[in-house]
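First comes the structure, then the notes that go with it.
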Amino acid sequence: MTAPMLSPTDETIARAAEVLRGGGLVAIPTETVYGLACDATNPEAVARLYTAKGRPRINPLIAHVTGLDMAQAEGRFNQAASTLAASGWPGPLTLVVPLAETHSVCELARAGLGSIALRQPAHPVAARVLAGFGGPLVAPSANPSGKISPTRAEHVLADMGARVDLILDGGPCEIGVESTILSCLEETPSVLRHGAFDAAAFVALEQDEARPLAPGGLSRHYAPNATLRLNVPEPISGDAYLAFGPTDGPKGRVSLNLSETGDLIEAAANLFDMLRQLDRSYARIAVAPIPMTGLGLAINDRLARAAKRD
Ligand code: AMP
Ligand code: MG
């Protein structure tokens, strides 16, 4: 049976909280991508979520919280983590901190780690669902593991409609790429995954491919069915071309443009939706070069993983 896709109202948000309390799976909009939420303290619900996504259970989940109070019951915040939470929350920033003794997030959600990833999302619907539920929710992207993340409720319906209990339709996601993940396990924070929170000041951690610290660490992720070639300045015939910035060549050869004005924020918001659109009609997609600055770091990271064949 396909899940109902509902507009967020007081009533549907209360219904979502009820479904979550019963151990169900609810797709919710966040400012980054759509998340598939369930009760982070309920191992049976979390097991259902891993199965629904086909996600390897060694890949721990992010616990979403209503704010620093709830976060500090789950994890221990050092000075750097507190400062980052103060500047980045609510927002597209996930902090990995040591587990607190008072934690309630279940072991399965943490993949057995002694640390926990925490985020306070900014999207008003996500915030209202969290407040209505009253506890931490894990909410990985609402797509089959390894595939393109959803930035619209229709993407969730198409990919996961039969595997979730309810979809809240909050319209297109404003940011469109996943949160920045910073590890605060040491005194100095380090980047585990680039995203919309500007983390250029932090050094990227070396990642172990066999047991990645962040999903972006898995070699193939965000993958379309089409083969993807990156940093292609000029399309060749037969390729779908995903352009970036002004294009003065023959318009017919540009299939879609991430941002005609070369705006990286607009490009990030369009990235997954445009990849999905091209993937439906083409076997080969060529992507224009995207600058490695600001959100370009996150866009290039997602593209590199989507292009990887193994
Ligand atoms: P997503 O799949 O976008 O929900 O991203 C969640 C990512 O956060 C996962 O890939 C995790 O690897 C990362 N993560 C969650 N918990 C931890 C943790 N305790 N330590 C390091 N990374 C974590
Ligand atoms: Mg994901």
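Both counts, for ligands and for their atoms, begin at 1 and track the order of listing. Below, all heavy atoms of this structure are taken into account, side chains as well, without hydrogens, waters or symmetry copies.
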Under 30°, 30 to 60°, or over 60°: which ring-plane class applies to Phe77 and Trp89, parallel, tilted or perpendicular? perpendicular
Under a 4.5 Å cut-off applied to non-hydrogen side-chain atoms, are Leu182 and Leu84 in contact? yes
How many angstroms lie between CG in Asp159 and NZ in Lys53, if you round to the nearest 0.5 Å? 9.5 Å
Using heavy atoms and a threshold below 4.0 Å, how should the contact between Leu61 and ligand 1 be classified: side chain, backbone, both, or neither? backbone
If the condition is side chain to side chain donor-acceptor pair (under 3.5 Å), which residues does Thr293 pass it with, not counting sequence neighbours? none
Tell me the contacting part of Arg193 for ligand 1: side chain, backbone, both, or neither, using a 4.0 Å heavy-atom threshold, strictly below. side chain
For atom 4 (O) of ligand 1, tell me which residue out of Ala111, Ser149, Pro140, Ser183 has the closest non-hydrogen atom. Pro140
For the Mg ion (ligand 2), decide whether Ser145 has an N, O or S atom at a distance under 2.8 Å. no
Of all the atoms in ligand 1, which lie at a distance below 4.0 Å from a heavy atom belonging to Ala117? 14 (N), 15 (C), 16 (N), 17 (C)
Partner of Leu271 under side-chain contact (heavy atoms from CB on, under 4.5 Å), chosen from Thr151, Ile290, Leu303: Leu303
For Ala52 and Met160, the nearest pair of non-hydrogen atoms, with its separation, is O-CE, 3.3 Å
Identify, by atom number and element, the atoms of ligand 1 in contact range of Ile116, meaning under 4.0 Å from any of its heavy atoms. 19 (N)
Does only the side chain of Asn59 get under 4.0 Å from ligand 1, or the backbone, or both, or neither? Count heavy atoms. side chain
Proximal ligand 1 atoms for Ser115, defined as those under 4.0 Å from one of its heavy atoms: 18 (C), 19 (N), 20 (N)
Heavy-atom check, side chain of Phe197 versus side chain of Ser179, under 4.5 Å: no
Side-chain heavy atoms nearer than 4.5 Å, only ILVMFWY residues, links allowed to pass through others: does that put Leu166 and Leu137 together? yes
Just heavy atoms, cut-off under 4.0 Å: does Lys53 contact ligand 1 by side chain, backbone, both, or neither? neither
Give the atoms of ligand 1, by number and element, whose distance to some non-hydrogen atom of Leu113 is under 4.0 Å. 18 (C), 19 (N), 20 (N)
Please determine if Ser141 has a nitrogen or oxygen closer than 3.5 Å to a nitrogen or oxygen of ligand 1. no
